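Quick note: residue numbers are just sequence positions, from 1. Source: prediction; values computed, not measured. One-based numbering, in listed order, for ligands and for the atoms of each.
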Amino acid sequence: MIMIRDEIAADAAAREALLDRCLGERRTAKSSERLREGRLPAEGLALTAELDGEIVGTVRLWHVEAAGIAALMLGPLAVKPELQGAGVGKMLMREALWRAACRGHGAVILVGDAPYYARFGFDPALTRELAMPGPVERERFLAIELRDGALDGARGVLTASGAAIPAAFEAQEVAQAA
Ligand SMILES: CC(C)(COP(=O)(O)OP(=O)(O)OC[C@H]1O[C@@H](n2cnc3c(N)ncnc32)[C@H](O)[C@@H]1OP(=O)(O)O)[C@@H](O)C(=O)NCCC(=O)NCCS
């Protein structure tokens with residue numbers, strides 16, 4: 001049975017291998033990576049999907065802000081290719097959005113395939129006033145408000161606002177992922 005649980009430090013190597021497999025090693029060149037690098041994910045919002053002890057899915061959310069308005073940036077989301085289409089992505093998304101709402105977060109932003117994320121309520125209209133810190137295809141730049149009006153007044157380039165990874169921990173993560 002698939003279990004969705006909090007990510008733990010020991011998941012890092014398997015998570016990175018899964019992301020390389022699903023998204024390619026060029027994934028770190030993406031604009032969204034500029035909002036994640038050197039930062040810790042939001043508290044309670046780094047999730048792992050596990051099946052029989054194997055990591056088969058991952059999603060993480062990150063603190064960002066624009067014009068002083070706080071939001072979360074979701075990504076990357078990935079599911080082991082052999083298990084895609086079996087609902088693991090949906091489980092990760094639902095748990096992530098539920099947890100984000102329970103923790104009082106007002107909005108979640110992401111860059112991804114609109115036909116997939118529309119089913120969870122993501123809409124490109126909500127990012128009209130926003131920009132990424134790099135190139136982005138507007139139709140893939142999506143958001144959902146978990147609280148009505150949470151993105152009112154948010155405009156301009158998103159910036160990372162999460163806690164920085166302590167230097168010693170960053171070195172450990174790189175070593176684990178190598
Ligand atoms: C995108 C991804 C996370 C979805 O996870 P999943 O476990 O396969 O998705 P689910 O099983 O919950 O949902 C499957 C449904 O989503 C649809 N779907 C999957 N990927 C899609 C996409 N990129 N665009 C549109 N629809 C998509 C499937 O056709 C299926 O539709 P159905 O329910 O009508 O049959 C997974 O396919 C994946 O890891 N892809 C590679 C990495 C990636 O692209 N990540 C997203 C980066 S933004």
Considering only residues two or more places apart or on different chains, which pairs with a residue in residues 129-149 satisfy side-chain hydrogen bond (donor to acceptor under 3.5 Å, both in side chains)?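 side-chain hydrogen bond (donor to acceptor under 3.5 Å, both in side chains) check on residues 129-149 returns D113-R140.
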
Find all atoms of ligand 1 within a distance of less than 4.0 Å from any non-hydrogen atom belonging to [X], and give their numbers and elements.
X    : answer
G112 : 48 (S)
V111 : 48 (S)
Y117 : 46 (C), 48 (S)

Which word best sums up how the rings of Y116 and F120 line up, parallel for under 30°, tilted for 30 to 60°, or perpendicular for over 60°? perpendicular

Which residue and heavy atom of the protein sit nearest [atom], plus the separation:
atom                    : value
atom 11 (O) of ligand 1 : G87 N, 2.6 Å
atom 12 (O) of ligand 1 : K90 N, 2.8 Å
atom 13 (O) of ligand 1 : Y116 CE1, 3.6 Å
atom 39 (O) of ligand 1 : V79 N, 2.8 Å
atom 22 (C) of ligand 1 : D113 OD2, 3.6 Å
atom 41 (C) of ligand 1 : Q84 NE2, 3.8 Å

What do you reckon, is CZ of R94 surrounded by more than 12 foreign heavy atoms closer than 6.0 Å? no

So for atom CD, which belongs to E43, do other residues, nucleotides or ligands contribute more than 12 heavy atoms lying within a distance under 6.0 Å?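 Atom CD in E43 is not crowded, with 12 or fewer foreign heavy atoms closer than 6.0 Å.
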
Option set P81, G89, G85, criterion heavy-atom distance to atom 8 (O) of ligand 1, minimum: G85

If you measure from atom 45 (N) of ligand 1 to every heavy atom of L74, L77, L142, which option wins on shortest distance?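 It is L77 whose heavy atom sits nearest to atom 45 (N) of ligand 1.
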
Closest heavy-atom contact between A150 and G106?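 Shortest heavy-atom contact: CB-O, 3.2 Å.
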
Should the proximity of [X] to ligand 1, defined as any heavy atom under 4.0 Å, be assigned to the side chain, the backbone, both, or neither?
X    : value
F120 : neither
L23  : side chain
R119 : side chain

Specify whether the nearest protein heavy atom to [atom] is under 4.0 angstrom away.
atom                    : value
atom 25 (C) of ligand 1 : yes
atom 29 (O) of ligand 1 : no
atom 35 (O) of ligand 1 : no

Under 4.5 Å between any side-chain heavy atoms of R119 and M93, yes or no? no

Are K30 and V111 side-chain neighbours, meaning at least one heavy-atom pair lies under 4.5 Å? no

Using heavy atoms and a 4.0 Å limit, tell me yes or no: is L92 in contact with ligand 1? no

Could you tell me whether ligand 1 has any atom less than 4.0 Å away from a heavy atom of A86?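 Judged by the 4.0 Å heavy-atom criterion, A86 does count as contacting ligand 1.
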
Quick check on side chain to side chain contact (heavy atoms under 4.5 Å, CB included): which of L74, T58, I2, L77 does L92 satisfy it with?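 Only one option passes, and that is L77.
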
In a check of salt bridge (charged side-chain N to carboxylate O under 4.0 Å, His left out) between R15 and each of E54, E50, E7, which one passes? E7

Option passing salt bridge (charged side-chain N to carboxylate O under 4.0 Å, His left out) with R27 (candidates E16, E37, E33):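 Of all the options given, the one that passes is E16.
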
Give the C-alpha distance, both sets of side-chain angles, the deciding distance and a yes or no for side chain to side chain contact (heavy atoms under 4.5 Å, CB included) between F141 and I109. CA-CA 8 Å; F141 191 23; I109 300 168; 3.6 Å; yes

Quick one: does any side-chain atom of R155 pair with a main-chain N or O of A67 as donor and acceptor, under 3.5 Å? no

